[in-house]
Amino acid sequence: MPHDLPKAYDPTAIEDHWAEYWVRENLFAQPTPKPDDRNQGEPFTILLPPPNVTGRLHMGHMLNQTEMDILTRWRRMQGRRALWLPGTDHAGIATQMMVERQLAEEGTSRQQLGRAAFEARVWAWKRHYGGAILDQMKRLGASVDWSREYFTMDENLSVAVREAFVRLYEQGLIYRGAYIVNWCPRCQTAISDLEVVYDEHKGHLWEIRYPVHDDAGRETGEFLTVATTRPETMLGDVAVAVHPEDERYLHLHGKKLGLPLMGREIPIVLDDWVSRAFGTGAVKVTPAHDPNDFALGERHHLPSINVMDETAHINDKGGPYAGLDRYVARKKIVADLEEQGLLAGIKDHTHNVGHCDRCKTVVEPRFSTQWFIKIQPLAEKAIAAVKPDATGNKAIRFTPEMYEKTYLNWMENIHDWCISRQLWWGHRIPAWHCAICHKITVPRPNTQEDPKACAHCGSAEIKQETDVLDTWFSSGLLPVSVFGWPKILGAPGLDSETRESKIDRADFDTFYPTSLLVTGFDILFFWVARMIMLGCWFASDVPMPDGSQRELKDSVPFKEVYIHALVRDANREKMSKTKGNVIDPIEIVKQYGTDAVRFTLASMASPGTDIAFNIARTEGYRAFANKIWNAARFIFMNIERAAEIGIAVDRSALGAMPTMTEDAPLEARWILAELQSTAQLISEELQSYRFDEAANTIYRFFWGSFCDWFLEIVKLRLDFSENADKAESKAALSTLLQVFECALRLLSPFMPFITEEIWHAIYDGNPPTKSIALTHYPQPGYALEVWNQYALVEMQSLQSLTVEIRALRKEIGVEEKAVVPIEIRTDASSRKIVEQNRDIVERLARVSEIRFVDQIAAGLAKHSTAAFDVAAIYQRTIDVPAERERKKKEIAKQEQIVLNADRQLNNPGFLVKAPAHIVEGLKKQREEAQRLLDKLRGDLGSLPE
RNA sequence: GGGCGCUUAACUCAGCGGUAGAGUGCCACCUUCACACGGUGGAAGUCGCAGGUUCGAAUCCUGCAGCGCCCACCA
C-alpha cells in the first residue's frame with residue numbers, strides 16, 4: 001500500500017480527477033426502471049432548478065447545489081433509488097438579449113437577420129456557450145444523472161408545452177385580449193406582474209390646469225387642476241375624473257374640458273375610485289397608459305388612445321410631440337405648459353416606479369393584445385395542495401413552514417397570468433390566425449401537426465401567432481414533462497407519427513411526484529407556485545400505475561419544498577455586480593477546495609436565515625480537510641509499519657458499523673458509542689434540513705472525539721516493534737481503520753472529494769464499489785450494548801481527570817515536555833477506572849506515575865472535581881497569589897451554583913411543580929458543587945497568605 | 001397600506017421553558033515521531049429595551065426601539 005501522501009492536503013491535485021471520474025463513469029445515472037421494477041425501493045427524486053443557459057455559477061447556485069447534493073448522496077447511500085435531474089432553461093428574454101448584444105457588436109440586428117435566421121443564431125450560441133454553468137456544476141461534484149440532462153426547448157419538452165397550451169385553451173382557460181400590461185420598452189415585450197420590480201423614486205407631481213368649457217365649447221376662464229406623475233401621458237387623456245361627492249367640483253358635473261396642447265375636448269366623469277385627498281382630487285384619465293385609468297375607462301365607456309410606440313416614443317397620436325422619447329416629451333410638455341401658463345405647480349413626490357426585472361428599464365403600462373391564463377381554477381388546486389386537509393395532512397410541506405403563509409397569501413390574491421411575450425426566442429404560441437375570418441385556430445389535443453386550414457372558415461390563409469410563451473410556462477411544466485408527459489398518456493388521439501415515439505411510463509410511475517424541491521424564495525412565485533398549479537392540473541389526468549384515479553396528493557409535482565436563504569457577503573450585503581462584492585464560488589473553490597466551500601455553506605445553512613459568507617469559516621474548514629487528510633496519513637503509516645512485520649490489516653469488516661466485543665479496550669468501546677450517536681444525530685438533522693447542525697455534528701465527532709481523544713489513545717496500542725504484543729496492535733489497527741472508514745462514509749455527502757480519495761486509498765486501488773458514494777451510509781438506530789454505554793461514563797471520567805491535570809500543569813509551570821508524578825484522592829470506583837486505564841492518563845496528561853493517596857500531600861497545588869482531587873508533584877510550585885485568585889474565582893462560581901440550587905430547592909412551588917428528573921438533577925448538582933466547594937475552601941485556607 | 005423575519009461573546013451564527021454554546025479571532029505556552037491548515041490551557045456575554053405569564057424565561061405573551069425582506073393598481 002504505497003501511501004506516500006504529502007503532509008498538507010492539496011485539494012486541487014485530486015478534485016479535478018474525481019469530478020471528471022464521476023461524470024465519465026456515469027455513476028449517478030438512474031436509468032428508467034424495467035416495467036415490473038418500478039415500485040421496488042422508494043425513490044428519492046429531485047429536480048435541479050434549471051439555471052439559465054446564459055448563466056454563470058454564483059454562490060446562490062452553489063448553496064442550492066450543495067444542499068441538494070448532500071441530501072441526494074445521503075439518500076442514495078441509504079439505499080434509496082436516487083435521481084437528481086439536471087437541465088437548463090432557455091430563458092427567453094435573457095438569452096435573446098445576450099445574442100442581440102452580440103449582433104449589435106457585429107453591426108447588425110435581429111430585425112435585419114429575420115426571425116428564422118435569428119433563431120438559428122441563438123441555437124448556435126446555445127450550443128457554443130450554453131453548457132458553461134453545467135460544466136461548473138460538474139466541477140463541483142454534483143451527483144446528478146447527466147444522462148438525463150434536458151433543455152427546456154428540447155423536442156419532448158416542447159411537445160409538453162404545446163399540449164399544455166392546447167388543453168388549457170380547450171378548457172377555456174386561455175384567452176386573448178387587449179388589456180393594460182406591463183411593457184418593457186427596451187425588451188419590447190409584455191412582462192408579467194412578477195417581472196416588475198418596484199423601486200422607490202423621488203419624482204414630482206405636476207399640477208396642470210385644464211380649461212373648463214361651456215356648452216358651446218368655449219373656455220369659461222375657469223380651470224380644473226389635475227395632478228400627475230407622468231405628464232407625457234396627457235397626450236392620451238380622454239377624460240378627467242372627480243369624486244361624485246367632492247364639493248369643490250359639484251358645479252362642474254357634466255361639463256367638458258379642453259385638453260391642453262392637444263386641443264381636444266374631453267369630459268369630466270364622476271367616479272368613487274377617485275381619492276379626494278390626493279393631489280387636487282381630480283385625476284386625468286389615460287386608459288391606454290395606466291391600469292387604473294383603464295378600469296375607469298371601461299366603466300365609463302371611454303375610448304382609449306395609445307400615444308406611445310413599443311419603444312416608448314410618442315407616436316403619431318401625440319401631435320407635435322410625435323417621435324420624441326417619453327422623457328424628452330415630458331420635459332417639452334412641462335415647458336410648453338409653463339409657457340402657456342397652464343402649469344399650476346410642481347411638487348416633490350416620492351412614489352414607486354416599476355422596472356423591468358431583467359434590464360431595469362422603467363416599465364410603461366401599455367394597452368395591447370396579449371394572451372392570458374385564467375388562473376383561478378388552477379390556483380384552487382394549488383391552494384388545496386398546500387393547505388392541510390380534513391385529517392391535517394398536507395400534500396406539499398414547506399420548510400421553513402412560514403413560506404406556506406407567503407405562498408397561500410399570494411395564491412389567494414392571484415391575478416391572471418400574462419403568458420405572451422413579444423420575443424423571437426422561446427416556445428411559439430400554438431395558435432393560428434385566419435386572414436379571412438380573423439378567428440383563431442388552435443390544434444386539437446394530442447396532435448403534433450400544425451393545422452393546415454382555419455377551423456372556422458376552412459381558409460388556408462392562416463398564420464401562426466408570432467408571440468412566444470413566458471419562459472416560466474415551460475419551466476412550470478418540468479416536473480411532468482421531464483418524465484414524458486404528455487407522450488406517456490399514449491392516448492388514442494395520438495397520431496401515427498407520435499405513437500411510435502410514445503415513451504414508457506415507467507419513469508413517470510416511478511419518479512412522479514418528485515420527493516423534494518430545494519430552491520430560493522426569490523422564485524417562489526415565478527417557479528414553485530407555477531409548478532404546483534400546472535403539475536396538479538395536468539398530472540391529475542394521468543392514471544396511477546395500477547390504473548386508478550390519481551388523487552391530489554399524487555398529482556403534486558413534489559411532496560416537500562425546502563426554501564433556503566440568500567447568500568450575502570461577509571457584511572450581510574446582497575452580492576451584486578454593481579457593488580462589486582460578488583464572490584465567485586469557482587475562485588474560492590480553487591483557493592480552498594470544493595469540500596471546504598461546501599462545508600462552509602452547509603454549516604451556515606440554518607433554515608430561514610441568510611448566509612453571510614465569511615471566508616474565515618472556509619479557512620477553518622480547509623483546516624478540517626487537512627485534519628482528515630493527516631488522520632489518514634497516520635493510519636496508512638501504521639498499516640505500512642504493520643505490514644513490515646507481516647501483519648496484514650483486515651479489510652473484510654469495512655463498509656459496515658465497526659464490530660467489537662466487550663473485552664475491547666475502553667477507547668474502542670467508547671468511540672463506537674460516539675460513532676453511533678453521531679450517525680443517529682446526523683440522520684435526524686438531515687431529515688429536518690438542518691445542514692448546519694449535521695455539519696457541526698460530524699465536525700465535532702471527527703475532530704473532537706476521533707482525533708483529539710481516540711487517535712491519541714490508540715497510539716498506545718500501536719506498537720509494531722519486535723517484542724510488542726502483536727495481537728493487541730493488530731486489533732487496535734483494525735478498529736482504527738473500521739472507525740475511520742465509517743467516519744469517511746458519514747462525511748462523504750458533505751465532503752465528497754477528500755473522502756473519495758482517501759477511501760480509494762484504503763482499498764489500495766481495489767475498492768469494493770466504484771465510489772464511496774455507492775457504499776452504505778452508517779445506519780442510525782443501532783442499539784448500543786451496555787458496555788458501550790458504560791464506556792461513555794468511564795471515558796468521560798478519564799477525560800475530566802486529564803483536563804484537570806493539564807490545567808494544573810500549566811498553572812504550576814510544568815514544562816510541556818516534562819512528565820511528572822501525580823497524587824490522586826478518589827473513591828473506590830473511580831480509582832478502579834483510573835487503575836484500569838493508567839496508561840491513558842499517563843500518556844494524555846504526561847504523567848510518569850500515579851499514586852493513590854488518602855490525603856493529598858500538604859503544599860501541593862491541587863485541582864478538584866466532584867470525583868477527584870489531583871495534584872502534580874513538582875518542585876516549581878509557584879505563584880501563590882495567582883493560585884489564591886484562581887481558587888477564589890472557582891469558589892465564587894460554585895457558591896453561585898449552590899445558591900441558585902438552594903433558591904429553587906427551598907421554593908415549595910418548584911418542588912411540587914417541576915418534573916422529578918429536574919429536581920433530582922438539581923439536587924445532584926448542588927451536592928457536587930457543595931463537595932467541591934468544601935474542598936476548595938479547605939485548599940484556600942491551607943494556602944500561605 | 002398590509003404581511004413576515006431578525007436583534008445572544010470581537011466577528012459569523014446555533015440554542016427557543018430547566019445552571020449561556022460552536023467556529024473563527026484574541027492571550028499564553030509548546031516545532032512531542034498524522035497534522036503549526038497542529039497541540040494544550042485561558043480570557044471573553046446584565047442573550048436589543050420595558051412590562052407580563054410561570055416554581056423557573058435567550059427561550060412563551062404584550063409593548064417599544066433598531067435592522068431587513070415580501071406583497072399591494074392610488075394619479
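Computed from heavy atoms alone, side chains included, the values below leave out hydrogens, waters and symmetry copies. Bear in mind that the values here come from a model prediction, so they are computed numbers and not experimental data. Naming: A, B, ... by sequence-line order, numbering from 1 per chain.
- When base pairs are accepted only as Watson-Crick or G-U wobble with both N-N or N-O distances under 3.5 Å, RNA chain B takes part in stems of 3 or more pairs at B:1-7 with B:65-71, B:10-13 with B:21-24, B:26-30 with B:38-42, B:48-52 with B:60-64.
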Sugar-phosphate or base contact per nucleotide [nucleotides 70-75 of chain B; S, B, -; heavy atom under 4.0 Å]: -SBBBB
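- Applying the salt bridge (charged side-chain N to carboxylate O under 4.0 Å, His left out) rule to E364(A) yields the partners R230(A), R326(A); only residues at least two apart in sequence or on another chain are considered.
- Among A34(B), G41(B), C29(B), the nucleotide with an atom closest to any side-chain atom of A807(A) is G41(B).
- Evaluation of the ring-ring contact (aromatic ring centres under 6.0 Å, His included) rule for Y592(A) yields no partner, not counting sequence neighbours.
- Phosphate contact (OP1/OP2 of G41(B), side-chain N/O of R806(A), threshold under 4.0 Å): present.
- In terms of phosphate contacts, R809(A) brings no side-chain nitrogen or oxygen within less than 4.0 Å of OP1 or OP2 of C30(B).
- Between M234(A) and the options T228(A), L259(A), T286(A), a side chain to side chain contact (heavy atoms under 4.5 Å, CB included) holds for only L259(A).
- For Y9(A), the ring-ring contact (aromatic ring centres under 6.0 Å, His included) test picks out W629(A), with sequence neighbours left out.
- The side chain of K405(A) contributes no N or O atom lying less than 4.0 Å from OP1 or OP2 of G3(B).
- Taking W206(A) as the reference, H204(A) meet the ring-ring contact (aromatic ring centres under 6.0 Å, His included) condition, with sequence neighbours excluded.
- Following rounding to the nearest Å, F691(A) (CZ) and C13(B) (P) show an atom-to-atom distance of 18 Å.
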